[in-house]
Amino acid sequence: MNNSTSTESELYTLKCVQHGHINSEKETTTYCTVCGSVLEIEYHISPENPHQILVPLKTRPEDPIRTNKTELKRLDKLSAQYDGNVWVKSEYQNPTGCFKDRGSYIEVLKARELGADAICLASTGNMAASVAAYASYFGIKCYVFVPEYTTEGKLAQAMVYNAKVIKVKGDYSTCEALCRKFAESGNYYLAGDYVFREEGQKSMSFEVIEQGGDDFDYVFVPVGCGTNFGAIWKGYREAFNQGLIKKLPKMVAVQPEGSSPVVKGIFKKEKIIETRVQTIAGAVAAADPVDFYKVLRGINESNGVAFTVSEEEILEALTEMAQKEGIFTEPASALGLAAFKKYRKEFGSAKCLFVLTGIGLKDTGVVVRHSLPSPVIGNDLKAIHKFINSGYLDIQASAWGKWQGSPFGNLKLEPEQAKIFNDYVDSFNKRGKILTEKELEVLQSMVFDEEPESDQLIQVLDYDVRMRKNGLVNATVSLGIKGKHIDAKAKGVGPLHAVITAVKSVTDTLIPIEVVDHNVEVLSPAASSLVVVTLRLSHKEKQFLVKSVSTDTIEAGLKAFVKGLALAGKA
Ligand SMILES: *Cc1c(COP(=O)(O)O)cnc(C)c1O
Ligand SMILES: [Zn+2]
């Protein structure tokens, strides 16, 4: 049989996983038209068939974007450290930084073969970028439905690949349901965690075997919807049936504790849908794991296991891979190592493979959110040494990803820095504000960026802001300049604009500075949260940043501006 001219009925059958109902790809490429179960492709081959990856397409050009294999390598340092034999398949080396490219390639070719006018999918992350990349290459329009709160960062990659991004009021499941209806409203191919994706993603197993990895004892896969797990297991099964390998690995499914419907379902032997999932490993945060039954089967057939790991264990494994082996993945990809460490005894000296699903650079937010802030230090070698001697950098390194306990017990502050910190805390306590741990950490970091008040050229003694609906904002700021008391008044379009304009009206002749840009960071979800205002200021053609923190944006902005005046005055 010639693979390149075969059609659906000759080469393969589209079957539903739960009841074996036979479907046709002309009618559905997603769920069984009889019972709604997920589908699977069964090839009509005998074991004598030539060894190859079978693919459900009439013609298949070699993947033009992905022209290299991803690396299969042993982690020597971690193997030595844990007295084991651990390897990685570096799927983050795929063109869009994620294994999903293997599946997107086949899905997009299938959409083209079926004559679709466009592809559509619901996604907030890696899937969108991956499908968009292939759709763009093969000249098919791609609509991506995303929830309203999706961050631009996640969408940037998809947009560069020319995805037509549609933001929808609601969450991911709203988008998914709407996108499904959209697909039926025209000649659109619905892409996502469906049967043709599986046929692409299974190529990883064949590639590992080609690279000499034909004898793994365990393959660890981070599981969200379970599609990749199912695909990898299918790849191994097909390779085994073709005689490419003599033994099958045991499959290990790993999920975060806060998002583990698959692991719970495996113990219950039936699919569970969670109402809410929460984890830093966003790529596996799937409440409704569509391919649950494929994971269950893979675990049963391979005599495998399923584990959960905590958020701390994920972050620890993530940094360990980076610091020991030079590999920076996204949190989801660290699940394998985290589970290996946690259940170390189960694996002895077995040859273990961790599938590293995605690159770390896509989710730097997680690093920023789970590390202490880096204070800005003055341009002064003495201040740099003072900062290093305080122990801050060591505390920052050891506190990474730790959930509990204030890490600052051992911070060695100079007396005037300790005073600044205590003054800060006092001023918030006086307002009845209870500081969260994150807020305390930010305050600790701020002391390296503050001058004692007595050194300040200009002090804010008091301020008053009046706002009226539809009117300009009136601000009065009482300043102490060189021992004199001056009331500065101005109007502005907003309160921050008004207070800064008031200060400028007195200081511009002395020290002219302009606000180039500003940023407000809210430290906790509470309405009483501290806010950090960062201003980018310019003075004599030079730009610099100043930061201040308060319970109020106007106050923080005003304090930051005055700090900028002091810095510019000294320059
Ligand atoms: C999509 C994704 C996963 C989860 O794969 P599923 O097929 O949904 O189980 C894991 N890691 C990364 C980086 C992903 O993008
Ligand atoms: Zn069915």
Is it true that the side chains of Asp171 and Thr174 contain a donor and an acceptor less than 3.5 Å apart? yes
Under the criterion salt bridge (charged side-chain N to carboxylate O under 4.0 Å, His left out), I'd like the reasoning laid out for Lys234 against Glu40: C-alpha separation, chi angles, the key distance, then a yes or no. CA-CA 10 Å; Lys234 189 169 195 273; Glu40 157 169 79; 5.5 Å; no
Can you tell me how far CG of Asp291 sits from CZ of Arg197, rounded to the nearest 0.5 angstrom? 11.0 Å
On the ring face of Trp87, is Lys351 found with NZ or CZ under 6.0 Å from the centre and within 45° of the axis? yes
Do the side-chain N and O atoms of Tyr189 and Glu113 include a donor-acceptor pair separated by under 3.5 angstrom? no
Answer yes or no: is there a side-chain heavy-atom contact under 4.5 Å between Pro375 and Lys547? no
Within the 3.5 Å criterion, strictly below it, is a donor on Glu330 or Asn126 matched to an acceptor on the partner's side chain? yes
Is it true that the side chains of Gln157 and Thr96 contain a donor and an acceptor less than 3.5 Å apart? no
Just so I know, are the side chains of Ile327 and Leu75 near enough to count as touching, which here means a heavy-atom distance under 4.5 Å? yes
Working for side chain to side chain donor-acceptor pair (under 3.5 Å), residues Glu25 and Tyr12: CA-CA 11 Å; Glu25 67 188 28; Tyr12 58 89; 2.7 Å; yes
Residues Ser548 and Ala556: closest non-hydrogen pair is CB-O, 3.3 Å
Ignoring hydrogens, what is the shortest heavy-atom contact between Ala135 and Cys142? Give both atom names and the distance. CB-CB, 3.7 Å
Sole candidate of Glu42, Glu301, Glu198 that passes salt bridge (Lys or Arg N to Asp or Glu O under 4.0 Å) when paired with Arg237: Glu301
Asp217 vs Lys247, salt bridge (charged side-chain N to carboxylate O under 4.0 Å, His left out): CA-CA, chis, key distance, verdict: CA-CA 9 Å; Asp217 296 306; Lys247 84 169 195 189; 2.5 Å; yes
Side-chain donor-acceptor contact under 3.5 Å, Thr551 with Arg431: yes
Look up atom CG in Asn303 and atom CE in Met251, then write down how far apart they are to the nearest 0.5 Å. 13.0 Å
In the structure I gave you, are the side-chain heavy atoms of Ser79 and Val86 within less than 4.5 Å of one another anywhere? yes
Where do Glu313 and Ser310 land on the side chain to side chain donor-acceptor pair (under 3.5 Å) test, with the steps shown first? CA-CA 5 Å; Glu313 287 159 348; Ser310 72; 3.3 Å; yes
Looking only at heavy atoms, which two atoms of Val309 and Lys342 are closest? And how far apart? CA-NZ, 3.9 Å
Any side-chain donor-acceptor pair under 3.5 Å between Thr534 and Asn519? no
Are any non-hydrogen side-chain atoms of Glu238 and Ile53 less than 4.5 angstrom apart? no
Examine the side chains of Tyr43 and Glu199 and answer whether a donor and an acceptor come within less than 3.5 Å of each other. yes
Has the side chain of Glu207 got a donor or acceptor atom that lies under 3.5 Å from a matching backbone atom of Lys69? no
Could you grab the distance from atom CG of Leu178 to atom CD of Glu176, nearest 0.5 Å is fine? 10.0 Å
Please name the pair of heavy atoms, one in Ala183 and one in Cys120, separated by the smallest distance, quoted to 0.1 Å. CB-SG, 3.7 Å
Is the closest side-chain heavy-atom distance between Tyr31 and Val290 below 4.5 Å? yes
Test side chain to side chain donor-acceptor pair (under 3.5 Å) applied to Thr70 and Glu91, step by step: CA-CA 6 Å; Thr70 63; Glu91 289 292 280; 2.7 Å; yes
Test: ring-ring contact (aromatic ring centres under 6.0 Å, His included). Region: residues 289-331. Which pairs qualify, not counting sequence neighbours? Phe307-Tyr343
Nearest heavy atoms of His21 and Cys32, plus distance in Å: ND1-SG, 3.5 Å
Shortest non-hydrogen contact from Ala253 to Ile299? CB-CD1, 4.0 Å
Intermediate values then yes/no, side-chain contact (heavy atoms from CB on, under 4.5 Å), Val221 and Val295: CA-CA 10 Å; Val221 186; Val295 180; over 6 Å; no
Would you mind telling me which of Ser130, Ser136, Pro95 makes a side-chain contact (heavy atoms from CB on, under 4.5 Å) with Ile65? Pro95
Any chance you could measure Thr329, atom OG1, to Phe354, atom CZ, to the nearest 0.5 Å? 11.5 Å
OH of Tyr194 to OG1 of Thr30, rounded to nearest 0.5 Å, is 6.0 Å
How long is the gap from CG on Asp552 to OG on Ser528, to the nearest 0.5 Å? 12.5 Å
Assess, by modelled atom type and distance only, whether the side chains of Thr279 and Ser259 contain a donor and an acceptor separated by less than 3.5 Å. no
Do Lys250's NZ or CZ and the ring of Tyr218 fall within the cation-pi criteria of under 6.0 Å and 45°? yes
